[in-house]
Structure formats: C-alpha cells, structure tokens
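Notes for the one structure printed next.
One-based numbering along the sequence shown. The figures here come from the full heavy-atom set of this structure, side chains too, leaving out hydrogens, waters and symmetry mates.
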Amino acid sequence: MTTECPHCGAQYPVKEQEFAGQARLQAQCQQCNSSFVINAPPELPHIPADQTVALAVIEGPARGQVFKLTKPRVILGRSGSDIVLYDPEISRKHCAIEVHGSTAVLIDLGTTNGTFVGKKSIRKSELKNMSKFRIGSTTMLFTVTDKKAGEGAPPPTLVVKRQ
C-alpha cells in the first residue's frame with residue numbers, strides 16, 4: 001500500500017506486514033520532517049490454507065450443486081460472474097462474497113430482487129459456517145470445513161518391484 005504525508009503530499013510505500021497486528025503506525029516524513037499516523041488497512045479477504053470454503057445450493061434450479069471457493073472474493077450472478085446460477089430472478093452480477101478466514105461478508109450489488117439472510121433483505125451481512133442466504137429463488141448454504149490431512153495431494157502410489 002502507499003501512504004501520503006498529510007502535510008507535504010510525499011508518498012511512501014508501506015508493507016502491510018509492518019503493522020504486525022497493530023491498528024496504526026507512527027511515521028515521520030523524510031521531506032518535511034512532520035510526524036503523522038498511518039491507519040492499518042481493513043482485513044484483506046483470504047481463505048485459510050487449512051480450510052475448505054464452499055457454497056451449496058439447497059433450494060432452487062441448481063439444487064445439489066456445490067461450489068468450492070478458490071478465491072477470497074467471488075461474484076455470484078446469472079452470467080459473467082465467478083459462480084453462474086441459471087435462475088431468472090438473479091441479476092447478471094447479483095452479490096459478492098468476501099471470505100475472511102472462517103467467516104465471510106455477503107454483499108448485495110444493488111440488485112432489483114435483493115439478497116436475503118433469513119427473511120431480511122440485506123446490503124451487507126456476515127456469514128458464518130452453515131449460514132443460509134437467498135438470491136432469486138436460489139437458497140445457498142455457506143460452509144467452512146477443515147481440510148483432511150493429504151487432501152488435495154495425489155493418493156499414494158504403490159510401486160511393486162519384480163525380483
């Protein structure tokens with residue numbers, strides 16, 4: 001990320017690792033010698049390496065489909081999206097999901113038919129493991145599971161040597 005001195009406008013690169021869990025850093029401009037505070041960026045979306053995050057369609061035209069999330073931010077919609085759902089009540093780009101570890105944020109993208117958690121229309125809502133939400137006539141389940149040891153790795157191969 002880049003920060004700017006509020007006094008003279010000089011720009012400086014700042015690595016997110018420098019915050020090391022702190023909400024702010026004290027900085028001193030090398031050009032005008034003034035001191036100022038740099039606020040940490042909001043938590044960046046990420047999928048933990050030891051977990052599998054997925055969306056399961058539990059009601060609607062795609063019932064039974066499961067979408068494993070491989071990116072920390074995905075767009076759901078009827079076309080031109082990361083996850084395409086063939087539901088006429090869903091907008092082309094209907095909502096976004098940003099994964100933040102074992103939770104996620106569901107964001108409506110200004111749709112006509114809305115995004116619902118429970119019976120409530122939302123603009124933004126936190127999802128936890130086993131949270132349900134509805135877009136169009138499609139109800140989805142957000143799941144987070146621990147990866148099993150060796151998942152994703154090829155199965156062991158038995159090699160038999162002839163003697």
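Nearest heavy atoms, Gly101 versus Val53: O-CG2, 4.5 Å. Annotation for Gln31 and Cys8: closest pair OE1-SG, 3.9 Å, computed over non-hydrogen atoms. Minimum interatomic distance between Val66 and Ala54 (heavy atoms only, all atoms of both residues): CG1-CB, 4.0 Å. Here the closest non-hydrogen pair linking Ala104 and Ile97 is CB-CG2, 3.8 Å. When all heavy atoms are compared, the tightest approach of Cys95 to Leu106 is SG-CD1, 3.8 Å.
Side-chain atoms of Arg134 come within 3.5 Å of backbone atoms of Gly136 as a donor-acceptor pair (strictly under, hydrogens ignored). Side-chain atoms of Ser81 come within 3.5 Å of backbone atoms of Arg92 as a donor-acceptor pair (strictly under, hydrogens ignored).
Rounding to the nearest 0.5 angstrom, the gap separating the CD atom in Glu89 from the OG1 atom in Thr111 is 11.5 Å. Put simply, NZ on Lys124 and CD1 on Ile107 are 5.0 Å apart, with the number rounded to the nearest 0.5 Å. Between the NE2 atom of His7 and the CG atom of Asn33 there is a distance of 10.5 Å, given to the nearest 0.5 Å. Expressed to the nearest 0.5 Å, how far CG of Asn129 lies from CG of Leu141 amounts to 7.5 Å. Phe36 contributes atom CZ, which lies 5.0 Å from atom SG of Cys5 (distance to the nearest 0.5 angstrom). A distance of 12.5 Å separates CD of Glu126 from CD of Glu98, quoted to the nearest 0.5 Å.
Using a 4.5 Å heavy-atom threshold, the side chains of Gln26 and Val37 count as touching. Under the 4.5 Å side-chain criterion, counting only non-hydrogen atoms from C-beta, Lys128 is in contact with Thr103. With contacts defined as side-chain heavy-atom distances shorter than 4.5 Å, the pair Leu85/Pro61 does not qualify. The shortest distance between side-chain heavy atoms of Thr143 and Met130 falls below 4.5 Å.
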- Item | Test log, rule side chain to side chain contact (heavy atoms under 4.5 Å, CB included), inputs Asp87 and His94 | CA-CA 11 Å; Asp87 179 339; His94 197 98; over 6 Å; no
- Stepwise side chain to side chain contact (heavy atoms under 4.5 Å, CB included) test for Ser131 and Val117: CA-CA 8 Å; Ser131 292; Val117 173; over 6 Å; no
- Just do the side chain to side chain contact (heavy atoms under 4.5 Å, CB included) check on Thr52 and Lys147 with the steps written out, would you? CA-CA 6 Å; Thr52 299; Lys147 287 185 178 176; 3.3 Å; yes
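Of the candidates Asp146, Ile47, Val144, Ser102 forms a side chain to side chain contact (heavy atoms under 4.5 Å, CB included) with just one, namely Val144.
Leu76 and Ile122 fall within a single hydrophobic cluster, where Ile, Leu, Val, Met, Phe, Trp and Tyr are joined by side-chain heavy atoms under 4.5 Å apart, directly or via other members. Each of Leu127 and Leu109 belongs to its own hydrophobic cluster when Ile, Leu, Val, Met, Phe, Trp and Tyr are linked at side-chain heavy-atom distances under 4.5 angstrom. By the criterion of side-chain heavy atoms lying less than 4.5 angstrom apart, applied directly or through intervening Ile, Leu, Val, Met, Phe, Trp or Tyr residues, Phe67 is grouped together with Phe133 in one hydrophobic cluster. No continuous path of hydrophobic side-chain contacts links Ile75 to Met140 [ILVMFWY only; heavy atoms under 4.5 Å].
Within a 6.0 Å radius of NZ in Lys93, more than 12 heavy atoms belonging to other residues, nucleotides or ligands are found. By the 6.0 Å contact criterion, OH on Tyr12 is enclosed, its count of non-hydrogen atoms from other residues, nucleotides or ligands being greater than 12.
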